[in-house]
Engineer: 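Sharing a structure with you now.
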Amino acid sequence: MTELDAGREALAGAASVLVFTGAGMSADSGVPTFRGSGGLWRNFRPEELATRAAFDRDPLLVWEWYNWRRRVVLECEPHAGHRAIARAQAEGRVRLVTQNVDGLHQRALAEIPERSQAVPTLALHGSLFRLACIRCDYSRTDTESIDTTSPASLPECPECRHLLRPGVVWFGEQLDQEVLSAAFSWATNATACLVVGTSAVVEPAASIPRLVLQNGGTVVEVNAEPTPLSGLATVAIQGSAAELVPAILGTGA
Ligand code: OAD
């Protein structure tokens, strides 16, 4: 039996399947990953761009970087792997937890007319398209370009006039506790987990597949390269998400 057949079989026989994705999921759509060759953290320093201290020091620089990422992602399209997961969500065959902030899973799900059956996607690290006030509870979602002409042109909260920031989780910040505990509860109840395109090193997200294993579930990993999870996974398949995810979950077309 090939690794692919073993992965397919492990998921087909499972009562409750969780899909857990990272930046490698969107690499085949053209979205840069964080680590590895060409990864964002090879060319940019996280502490200068993805921390609250960086935003307080230089909000213009941070917004320029996030505005660039918003534009990159808006030019990308979900691929066959995103669509296969969305189809499986819509059919109630899987639940989805993602570390991705690019919105490609949500766009793939929005293409499916019968998506109303789907449970929400848990986005652990927020969204590039959410803007949140640094002071009050105001937030909104939009895909408009951010005006980064000068510090004065940056988006402001319509309620308290403080700056709006990208609605993503930065280094040193806590994840949304409701989203995290829902994700842990899904992982605890899952009998199988398909892990796609994550280096599996950033906590607490990286605990999700481990939690499935601890509870006796099977883990099928799809990644372009071996990761710290590969040795623990029930089946580890090397290759690209766009090719392997539809082969494992079915295209549903
Ligand atoms: P990483 O950039 O750390 O890892 C991407 C993974 O995808 C690597 O293991 C690659 O081998 C794999 N990969 C690359 N191309 C692939 C392809 N076409 N098909 C399948 N796999 C592929 O991304 P994450 O694990 O998502 O956090 O990173 C976790 C978190 O670290 C991110 O959410 C972000 C980052 O700092 C925050 O911003 C809070």
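Order of listing sets the numbers, starting from 1, for every ligand and every atom in it. When a residue number appears, it is its place in the shown sequence, counting from 1.
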Engineer: Counting only heavy atoms, which portion of W41 has something under 4.0 Å from ligand 1: side chain, backbone, both, or neither?
Structural biologist: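 Near ligand 1, W41 shows its side chain, while the N, CA, C and O stay back.
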Engineer: Any idea which heavy atoms bring N100 and T98 closest together, and the distance?
Structural biologist: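 Looking at all heavy atoms of both residues, the closest pair is N-OG1, 2.9 Å.
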Engineer: Evaluate the side-chain proximity of L180 to L124: yes if any heavy-atom separation is below 4.5 Å, no if none is.
Structural biologist: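 Counting from C-beta outward, L124 and L180 do come under 4.5 Å.
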Engineer: Indicate yes or no: does R165 engage D56 in a salt bridge with an N to O separation below 4.0 Å.
Structural biologist: no
Engineer: So which bit of H125 gets within less than 4.0 Å of ligand 1, heavy atoms only: side chain, backbone, both or neither?
Structural biologist: side chain
Engineer: Do you see a donor-acceptor pair shorter than 3.5 Å between the side chains of E221 and S230?
Structural biologist: yes
Engineer: Is V219 close to L232 at the side-chain level, that is, under 4.5 Å between some pair of heavy atoms?
Structural biologist: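 Heavy-atom side-chain distance check fails, nothing below 4.5 Å.
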Engineer: Does CD in Q177 sit with more than 12 non-hydrogen atoms of other residues, nucleotides or ligands closer than 6.0 Å?
Structural biologist: yes
Engineer: Just which atoms of ligand 1 are under 4.0 Å from any heavy atom in F171?
Structural biologist: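 Result: 36 (O).
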Engineer: Nearest to atom 30 (C) of ligand 1, what protein heavy atom do you find, and at what distance?
Structural biologist: V202 CG2, 3.7 Å
Engineer: Identify the closest protein heavy atom to atom 19 (N) of ligand 1: which residue and atom is it, and at what distance?
Structural biologist: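 Residue, atom and distance for the closest contact: A241 N, 3.0 Å.
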Engineer: Just wondering, do L164 and Y138 contact through their side chains at under 4.5 Å, heavy atoms?
Structural biologist: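 Yes, close enough: below the 4.5 Å cut-off.
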Engineer: Is the closest N or O pair between D28 and ligand 1 shorter than 3.5 Å?
Structural biologist: yes
Engineer: Kindly check if the number of other-residue, nucleotide or ligand heavy atoms within 6.0 Å of CG (N43) is above 12?
Structural biologist: yes
Engineer: Can you find a non-hydrogen atom of A242 under 4.0 Å from ligand 1?
Structural biologist: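 Checking ligand 1 against A242, which is what was asked, there is no heavy-atom contact under 4.0 Å.
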Engineer: Just to be sure I'm reading this right: ignoring hydrogens, which of V222, N223, T33, V201 gets closest to atom 8 (C) of ligand 1? Compare them by their nearest heavy atoms.
Structural biologist: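 Closest candidate by heavy-atom distance is N223.
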Engineer: Which of the listed options, R35, M25, Q99, holds the heavy atom that is closest to atom 31 (O) of ligand 1?
Structural biologist: R35
Engineer: Please report which non-hydrogen protein atom sits nearest to atom 16 (C) of ligand 1, along with the residue it belongs to and the distance in Å to one decimal place.
Structural biologist: G24 O, 3.5 Å
Engineer: Side chain of D147, backbone of T149: donor and acceptor closer than 3.5 Å?
Structural biologist: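 A pair under 3.5 Å: yes.
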Engineer: Would you mind running through ligand 1 and noting each atom that sits below 4.0 Å from a heavy atom of G239?
Structural biologist: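 It comes down to these atoms of ligand 1: 19 (N), 20 (C).
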Engineer: Students should be able to answer this: which protein heavy-atom is nearest to atom 39 (C) of ligand 1, and at what distance?
Structural biologist: V169 O, 3.3 Å
Engineer: When rounded to the nearest 0.5 angstrom, what is the spacing between CG in L128 and CG in N67?
Structural biologist: 10.5 Å
Engineer: Are any non-hydrogen side-chain atoms of H82 and S26 less than 4.5 angstrom apart?
Structural biologist: yes
Engineer: Below 4.0 Å, non-hydrogen atoms only: which portion of A23 touches ligand 1? Side chain, backbone, both or neither.
Structural biologist: both
Engineer: Against heavy atoms of G22, which atoms of ligand 1 measure under 4.0 Å?
Structural biologist: 26 (O)
Engineer: Where is the nearest protein heavy atom to atom 6 (C) of ligand 1: which residue, which atom, and how far?
Structural biologist: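 Atom 6 (C) of ligand 1 sits closest to the protein heavy atom G197 O, 3.4 Å.
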Engineer: Check whether any heavy atom of W170 sits under 4.0 Å from an atom of ligand 1.
Structural biologist: no
Engineer: I need the F129 CZ to T143 OG1 distance, nearest 0.5 Å.
Structural biologist: 7.0 Å
Engineer: Quick test: of every protein heavy atom, which one is nearest to atom 21 (N) of ligand 1, and how far off is it to 0.1 Å?
Structural biologist: A224 N, 3.2 Å
Engineer: Heavy-atom distances under 4.0 Å are what count here, so tell me which part of T198 touches ligand 1: side chain, backbone, both or neither.
Structural biologist: both
Engineer: Counting only heavy atoms, tell me which of A27, P32, S230 gets closest to atom 15 (N) of ligand 1.
Structural biologist: A27
Engineer: Identify the protein heavy atom lying closest to atom 32 (C) of ligand 1, giving its residue, its atom name and the separation to 0.1 Å.
Structural biologist: F34 CE1, 3.6 Å
